[in-house]
There are 2 protein chains.
Amino acid sequence: MRAWLAFISASALLNRCLDQQLKEDAGISHLQYEILVRLGAAPGREMRMTALADALYNSKSGLTYQVTQMEKAGLVRRRSCPSDVRAVYACLTEAGQALVERAAPGHVALVRELLIDALSLEQLNTLADGLGKVVRRMLGQETAAAGG
Amino acid sequence: MRAWLAFISASALLNRCLDQQLKEDAGISHLQYEILVRLGAAPGREMRMTALADALYNSKSGLTYQVTQMEKAGLVRRRSCPSDVRAVYACLTEAGQALVERAAPGHVALVRELLIDALSLEQLNTLADGLGKVVRRMLGQETAAAGG
DNA sequence: AGCCCGGTGTTCAAATTTGAACACCGGGCT
DNA sequence: AGCCCGGTGTTCAAATTTGAACACCGGGCT
């Protein structure tokens, strides 16, 4: 179970550390940063609320809260969908775009320092392959796992 | 950055899934389960509050809250230290011990199913070595990272 | 003995997360 | 057209987390 212990420790520490840095650096949480990044990478810089929640493995209500906060801060804007009245798009504003661009270098550098530089290229590839498979398995059998 | 993406995805999914199972299975959160396990493994089934918080990479106030909750549930008991009036020990009660023993098999089985069984022995060793190194590096330079 | 720095665990308010309930709409069926 | 199932995003209360402030004590120094 050495792998498991290392995994949860690394996970907790990395999250804590990155959250800290982003908060000092850009005044946003790691989750808010991820929201900005996803929106920035999406076509038209906008995404459906549900799609965004799924991409971040976050609850719908949690996302509603965060988007509301970020809208107050001017980083994001809500837009309703013309073809489906129920749907809501979250759009990246220019201020949001500017903030990601300002925060990204430091964030990427810290990830590199804490994770990438600690490992060999081979270790990184193994880690990416292995955890990628873990993620695909979990997404494929969420109900099976809950049942058994 | 494939490794990084896989890592945070796996981390979020695993945590969510394990939390879910423990809540259904034993009525406790993943954090509470970890507290019980650490106490169970400690000599005398007790630990200083600060030592416990450090071991779980948790804040002191967060631990105070959780221990209070668990004390109400009868899983844990507070004991003050005779040699240092400031110190407080959290001790595992018999009910707490019984709960871990009841919850552990299912938890371990799920970890095995979701993580261990998805990977080869070689992948597991690489992952344990790599992430272990990451953890040691982070613990060694927490202040350095905050400064740069 | 007296002072002071650093460590201990708790308290508090504010922020965030969680999950259930909700209002509302789309689309398939008759 | 009318019904109904399932999906959309939000609201709400309760639980939890966060971080600063706090009260208190230990131990080294004089």
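Naming: A, B, ... by sequence-line order, numbering from 1 per chain.
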Worksheet entry | Integer-rounded Å distance: C:dG7 P and B:M49 CE | 18 Å

Exercise answer: donor-acceptor pairs, residues 69-77 of chain B side-chain atoms, under 3.5 Å, sequence neighbours excluded:
unit_1 : atom_1 : unit_2 : atom_2 : d
B:E71  : OE1    : B:R78  : NH1    : 2.7
B:E71  : OE2    : B:R78  : N      : 3.1

Discussion item. Would you say A:L39 ends up clustered with A:Y89 if hydrophobic residues are merged whenever their side chains have heavy atoms under 4.5 Å apart, either directly or through other cluster members?
Written reply: no

Response to the item:
Read 5' to 3' with Watson-Crick or G-U pairs under 3.5 Å, [ ] for crossing pairs and | for partners on another strand, DNA chain C gives ||||||||||||||||||||||||||||||

Worksheet item: Going by number, which of residues 29-46 of chain B have a non-hydrogen atom under 4.0 Å from DNA chain D?
Response: B:L31

Discussion item. Assuming nearest nucleotide by heavy-atom distance, tell me which of A:K23 and A:V88 is located more 5' along DNA chain D.
Written reply: A:V88

Practice prompt. In whole angstrom, give the distance that lies between atom OH of A:Y65 and atom C1' of D:dA13.
Written response: 15 Å

Worksheet item: More 5' along DNA chain D: A:T68 or B:Q66, using each one's nearest nucleotide?
Response: A:T68

Output a table of donor-acceptor pairs, distance under 3.5 Å, between side-chain atoms of residues 94-112 of chain B and any protein atom two or more places apart or on a different chain; print 'none' if there are none.
unit_1 : atom_1 : unit_2 : atom_2 : d
B:Q97  : NE2    : B:E101 : OE2    : 2.6

Discussion item. Tell me the interatomic distance from B:L63, atom CG, to C:dG7, atom P, rounded to whole angstroms.
Written reply: 19 Å

Can you check nucleotides 23-25 of chain C for protein contacts, nitrogen or oxygen pairs under 3.5 Å, and list what you find?
unit_1 : atom_1 : unit_2 : atom_2 : d
C:dC25 : O2     : A:R86  : NH1    : 3.4

In residues 4-16 of chain B, what donor-acceptor pairs under 3.5 Å come from side-chain atoms, sequence neighbours left out?
unit_1 : atom_1 : unit_2 : atom_2 : d
B:S9   : OG     : B:L5   : O      : 2.9
B:S11  : OG     : A:S11  : OG     : 2.7
B:N15  : OD1    : B:H30  : ND1    : 3.2
B:R16  : NE     : A:Y57  : O      : 3.2
B:R16  : NH2    : A:Y57  : O      : 3.0

Worksheet entry | Test item: B:E46 and B:L92 side chains (from C-beta on) under 4.5 Å apart, heavy atoms | no

Worksheet entry | Under 4.0 angstrom between B:Q69 side-chain N/O and D:dT16 OP1 or OP2 | yes

Fill in: Closest listed nucleotide, where the reference is the side chain of B:R78 and the choices are C:dT18, C:dT17, C:dT10
C:dT10

Worksheet item: Do any side-chain nitrogens or oxygens of A:Q20 fall under 4.0 Å of OP1 or OP2 in D:dT18?
Response: no

